[in-house]
Amino acid sequence: MPSVVSVQTLTQLSYLVAAALFILGLKRMSSPVTAVSGVRWAGVGMLLATLATLAFMGASTFNLELVIGAIAIGGILAWVSGKRVAMTDMPQMIALYNGMGGGAAAAIAGVELYGGNEHSITHLVIATIGGFIGSVSFSGSLIAFAKLQGLITKSVRFGGQKFLNLAILLVTIALGFMVVSGMDFGLPAVSLFFVFALLLGVAMTLPIGGADMPVVISLYNALTGLAVGFEGFVLDNAAMIIAGTVVGAAGTLLTQLMAKAMNRSLGNVLFSNFGESSAAGGAGVTGSQKAIEASDAGVMMAYSQKIIIVPGYGLAVAQAQHKVWGLAQLLIDHGVMVRFAIHPVAGRMPGHMNVLLAEAGVPYDLISDLDEINAEFETADVALIIGANDVVNPDARANKASPIFGMPILNADKAKNVIVIKRGQGQGFSGIDNALFVLDQTRMLYGDAQAAVSQLIQAVKAAG
Amino acid sequence: MIDGVIALYIFMLAAFTGYEVISRVPVILHTPLMSGSNFVHGIVLVGAMVALAAADSTPLRVIGVIGVILGAGNAVGGYVVTERMLKMFVSAGRKKGP
């Protein structure tokens, strides 16, 4: 019996089962009804593969304590941070975990390349490419994390930046060739190769504006998958090849879908045309913002027939989603028809705002996406904009000079009255002026979204 | 065991699978799904474990340990946040009814 079914065969079989569970899990995750079971199936696959690998290593390795210790450290840290993170901060946590995966793939490449193991040229090339992609994904994701977390607030842009990035890319490729060709198999070339690959991830991501980060994170997610697939080939590990490639393909598709939702091409996002044109488009908005008191706004809303609420990231930052739902319920009790309009890129990622509203308990039938709701703004008495900016900027329809020209927007400017809850008079997250804010029918309610909505609730109560 | 053309076949089939599996996803699930696929490439943990197990010098062990820590972070963190998000979705869906 032991000679027929070896531990290695059992390990390989468990990898096969794990790969099947990953694919089935992802399939189930693409429908809300089966989604939770989907991630659990994938989780079982992951557990199975990890335990099988541990069993396979068994007594054969000297580093078993190190392996278990490292799993414990990484696992516990990620478990605690993952349980604690607020729903609002989800995008940057995904970026962080994704970067870790890329780093792990790069580390595998590092062990293989530094170790000087006997490898065919094919394996060397694949290990190097995987290491390159993993390193870029690692450092790039960390920058994306730092930007969304607010650790880096400026988008670094300067003349000739593209040429510098191109130069870094070329140097990295040249070093990669040196590593592969064995011209210099020693430490310097390999180390420099990794340094430049990491540098490229940083340099590529720094100029990209915060609003584009979701697309970039999604791209890095796909890249990490690819890197994992490549390193899986090097290690002869079918589970890694399959899971990595599936994620690479699925991630690429998701990236395209997200870019499409913003009406941008991927190249346009990556090569920071956004920043260059915003300087030109910024001067286009003239006129002044008109303020309103919460009490007046509350009266206006209490006597409206139809109100469309447009939540944006500012709402999430202020953790105001529960309060907003409270306000909506109050208005519904007053006989007002209330709808929520969600832009595809509301929040920090497509679907992020739906997560946040679901957290607050807003029922789905009150939430509409762009295509469903846009015709209804004309019949709305009030469009209440809470912490949203670019997604309601009419410049995207009308002003060719605007950097967001062509992006589909919510037509909040067609509503009879527009109330905008905003922290201050400044520009939004993307640094673009908003023509909506200076329209005749627009009134600004300045303040933190949480506080402002509380005041509105009081005002509506007083009015009714 | 896996080599050359066979590996290319696996790559090709897996790529089509990934594309097909995701192709009809509603926008509301984009964020959880990105998170879910992020979790799935946490399988890199297994590779990092194998690489560390074979490491026979201190520098290699250091790189290997970093790899395993990062891989474990990817797998565990990816799972935790994906499950948290998706749990909320189901409850919201059930409350509503069509």
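Order of the sequence lines fixes the chain letters, A, B, ..., with proteins taken first and strands second; residue numbering starts at 1 for each chain.
The greatest number of non-hydrogen atom pairs below 4.5 Å with chain B, out of A/Asn98, A/Leu235, A/Ile242, is found for A/Asn98. Of the listed residues (A/Gly110, A/Ala42, A/Gly69), the greatest number of heavy-atom pairs within a distance under 4.5 Å of chain B belongs to A/Ala42. Contact count against chain B (heavy-atom pairs under 4.5 Å) is highest for A/Ala70 among A/Ala70, A/Ala107, A/Gly103. Ranked by non-hydrogen atom pairs under 4.5 Å with chain B, the options A/Val247, A/Asn221, A/Ile94, A/Val228 are led by A/Asn221. Ranked by heavy-atom pairs shorter than 4.5 Å toward chain B, the options A/Val80, A/Thr224, A/Asp369, A/Ile342 are led by A/Thr224.
In this structure, the portion of B/Leu45 lying under 4.5 Å from any heavy atom of chain A is its side chain and not its backbone.
Closest approach of B/Ile43 and A/Met240 over heavy atoms only: O-CG, 3.8 Å. When all heavy atoms are compared, the tightest approach of B/Ala15 to A/Ala249 is O-CB, 3.1 Å. Of all heavy-atom pairs between B/Val68 and A/Val67, the closest is CG1-O, 3.9 Å.
Ring-plane geometry between A/Phe233 and B/Phe11 is classed as tilted, the angle between the planes lying from 30 to 60 degrees on a 0 to 90 degree scale.
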- Verdict with supporting geometry, B/Tyr79 and A/Tyr97, ring-ring contact (aromatic ring centres under 6.0 Å, His included): CA-CA 10 Å; B/Tyr79 181 83; A/Tyr97 297 138; over 10 Å; no
- Task: Walk me through it: do B/Met49 and A/Ile71 pass the test side chain to side chain contact (heavy atoms under 4.5 Å, CB included)?
- Result: CA-CA 9 Å; B/Met49 286 163 68; A/Ile71 292 177; 3.8 Å; yes
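Among residues two or more places apart in sequence or in another chain, the salt bridge (Lys or Arg N to Asp or Glu O under 4.0 Å) test is passed with B/Arg61 by none.
Atoms CZ and NZ, on A/Arg40 and B/Lys87 in that order, are 5.5 Å from each other to the nearest 0.5 Å. Between the CE atom of B/Met85 and the CE atom of A/Met93 there is a distance of 11.0 Å, given to the nearest 0.5 Å. To the nearest 0.5 Å, atoms CZ (B/Arg84) and CE (A/Met87) are separated by 4.0 Å.
Identified under the salt bridge (Lys or Arg N to Asp or Glu O under 4.0 Å) test for residues 27-47 of chain B, with sequence neighbours left out: none.
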